[in-house]
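Report on the structure given below.
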Amino acid sequence: SRKTLLKNAGLSFFIKKPLCDEDYIKDQLLKKSINKRNLPKLLAKAKALSVSKKNTKHLVVGSDTIILFKKNIINKAKTIEEAKKKLQKLSGKKHQIISGVSVCLNNKQIWSYQQTSTINMNRLNQKQINTYLKKTGKNILSSVGCYQVEKLGPQIIKSINGDFFNVLGFPLFPFLIFLSKK
């Protein structure tokens, strides 16, 4: 969804996979008892710096998104069965989506930003969850909350408080403002 957002915003870019072990970095940061809310901007920085080392003449953008529910991080489901359990847990409740962005140049961070939005989920029964997951299929496993607000997510979401683009995983407006000043 980030690629689509940036493309639709008229930006020219190319994609490089981060040259770091994101799960390892995440585990190490959490072992240090950092505030979980800061995780997206720290992971975004690590990703951007890992690519910037070999692409020193380009602006490198790193981004990361987490879902925080009752002070716990919700990770991507590995199976549809796990997705069902996550949706049951989120049913009728609110959770936060926190996205961080880091821009690096010449192996130095030159800008970072983090934004939080709140999602209020509809109360869902098992039949609704099963129907939703049948419609979405296994591609829903690529989404942290087991929903995609840009696709069938509105069928299970009651409301969004905050920036829609942030919910998609990238605080687009602040990023565009940053670019306009470069």
Side-chain angles (χ1 to χ4, degrees), residues 1-13 15-18 22-23 25-26 29-30 34-51 59-77 83 86-87 89-104 109-122 124 132 136 139-182:
S1 65
R2 291 180 186 122
K3 178 181 174 182
T4 302
L5 281 176
L6 296 173
K7 187 176 179 181
N8 289 345
L11 301 176
S12 296
F13 59 93
I15 297 173
K16 293 271 188 184
K17 197 168 186 147
E22 182 181 341
D23 290 331
I25 294 168
K26 185 177 179 179
L29 289 169
L30 292 173
I34 65 147
N35 183 334
K36 291 175 186 171
R37 293 185 163 280
N38 294 329
L39 193 58
K41 69 180 174 183
L42 295 171
L43 286 171
K45 181 180 180 181
K47 291 177 187 181
L49 283 172
S50 76
V51 174
L59 283 181
V60 176
V61 180
S63 184
D64 196 77
T65 301
I66 65 166
I67 287 183
L68 209 55
F69 175 69
K70 295 185 177 182
K71 299 183 182 180
N72 294 308
I73 295 172
I74 300 285
N75 293 308
K76 291 179 184 175
K86 288 184 186 292
L87 288 174
K89 187 187 290 190
L90 296 174
S91 173
K93 298 181 179 83
K94 294 179 181 179
H95 61 273
Q96 282 75 48
I97 294 181
I98 306 169
S99 295
V101 179
S102 176
V103 178
C104 295
Q109 182 177 325
I110 61 170
W111 184 78
S112 71
Y113 187 81
Q114 186 165 289
Q115 191 168 47
T116 301
S117 301
T118 301
I119 300 288
N120 188 6
M121 299 292 282
N122 284 326
L124 304 167
Y132 177 75
T136 62
N139 74 339
I140 204 66
L141 302 178
S142 67
S143 299
V144 178
C146 302
Y147 61 85
Q148 295 167 326
V149 71
E150 72 277 22
K151 294 184 180 174
L152 297 175
Q155 294 181 3
I156 63 171
I157 295 170
K158 186 174 183 177
S159 64
I160 297 172
N161 184 1
D163 188 311
F164 177 77
F165 294 117
N166 185 61
V167 175
L168 295 177
F170 195 86
L172 184 61
F173 293 130
F175 178 69
L176 294 173
I177 292 168
F178 161 76
L179 287 180
S180 72
K181 294 177 182 177
K182 280 302 300 158

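Hydrogens, waters and symmetry mates are skipped; everything else that's a heavy atom, side chains included, is used.
Between the Gln114 side chain and the Arg37 main chain, a donor and an acceptor come within less than 3.5 Å of each other. Of the possible polar contacts, one joining the Lys47 side chain to the Ser63 backbone as a donor-acceptor pair under 3.5 Å is found. The closest donor-acceptor contact from the side chain of Lys86 to the backbone of Val144 lies at 3.5 Å or more, if one exists at all.
Smallest separation of non-hydrogen atoms from Gly100 and Ala44: O-CB, 3.5 Å. Of all heavy-atom pairs between Phe13 and Lys3, the closest is CZ-O, 3.6 Å. Scanning both residues, Lys76 and Ser142, for their nearest heavy atoms gives CE-O, 3.2 Å. The two atoms that bring Pro40 and Ile66 nearest to each other are CG-CG1, 3.6 Å, heavy atoms only.
In this model, a donor atom of one side chain and an acceptor atom of the other lie less than 3.5 Å apart for Gln148 and Ser143.
A heavy-atom distance below 4.5 Å is found between the side chains of Leu59 and Leu179. Side-chain contact check for Val61 versus Arg2: every heavy-atom pair is 4.5 Å or farther apart. Residues Trp111 and Val101 have side chains in contact (heavy-atom distance under 4.5 Å, counting atoms from C-beta outward). The side-chain heavy atoms of Tyr147 and Gln155, taken from C-beta on, include no pair separated by under 4.5 Å.
In Lys93, the NZ atom is crowded: over 12 heavy atoms of neighbouring residues, nucleotides or ligands sit closer than 6.0 Å.
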Would you check, one step at a time, whether the test side-chain hydrogen bond (donor to acceptor under 3.5 Å, both in side chains) holds for Lys89 with Asn72?
CA-CA 12 Å; Lys89 187 187 290 190; Asn72 294 308; over 6 Å; no
Verdict with reasoning, Glu22 to Leu43, per side-chain contact (heavy atoms from CB on, under 4.5 Å):
CA-CA 7 Å; Glu22 182 181 341; Leu43 286 171; 4.2 Å; yes
Check the pair Ile73, Leu30 against side-chain contact (heavy atoms from CB on, under 4.5 Å), reporting the backbone distance first and the verdict last.
CA-CA 11 Å; Ile73 295 172; Leu30 292 173; 4.2 Å; yes
Check the pair Met121, Ile157 against side-chain contact (heavy atoms from CB on, under 4.5 Å), reporting the backbone distance first and the verdict last.
CA-CA 4 Å; Met121 299 292 282; Ile157 295 170; 4.0 Å; yes
Would Leu5 and Glu150 count as a side-chain contact (heavy atoms from CB on, under 4.5 Å) if you check the C-alpha gap in whole Å, the side-chain angles of each, and the deciding distance to 0.1 Å?
CA-CA 11 Å; Leu5 281 176; Glu150 72 277 22; over 6 Å; no
Side-chain donor-acceptor distances from residues 162-178 under 3.5 Å, at least two apart:
unit_1	atom_1	unit_2	atom_2	d
Asp163	OD1	Phe165	N	2.6
Asp163	OD1	Asn166	N	3.2
Asn166	OD1	Ser99	OG	3.2
Asn166	ND2	Ile97	O	3.3
Asn166	ND2	Gln115	O	3.3
Asn166	ND2	Ser117	OG	3.0

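The side-chain contact (heavy atoms from CB on, under 4.5 Å) search around Asp23 returns Asp21, not counting sequence neighbours.
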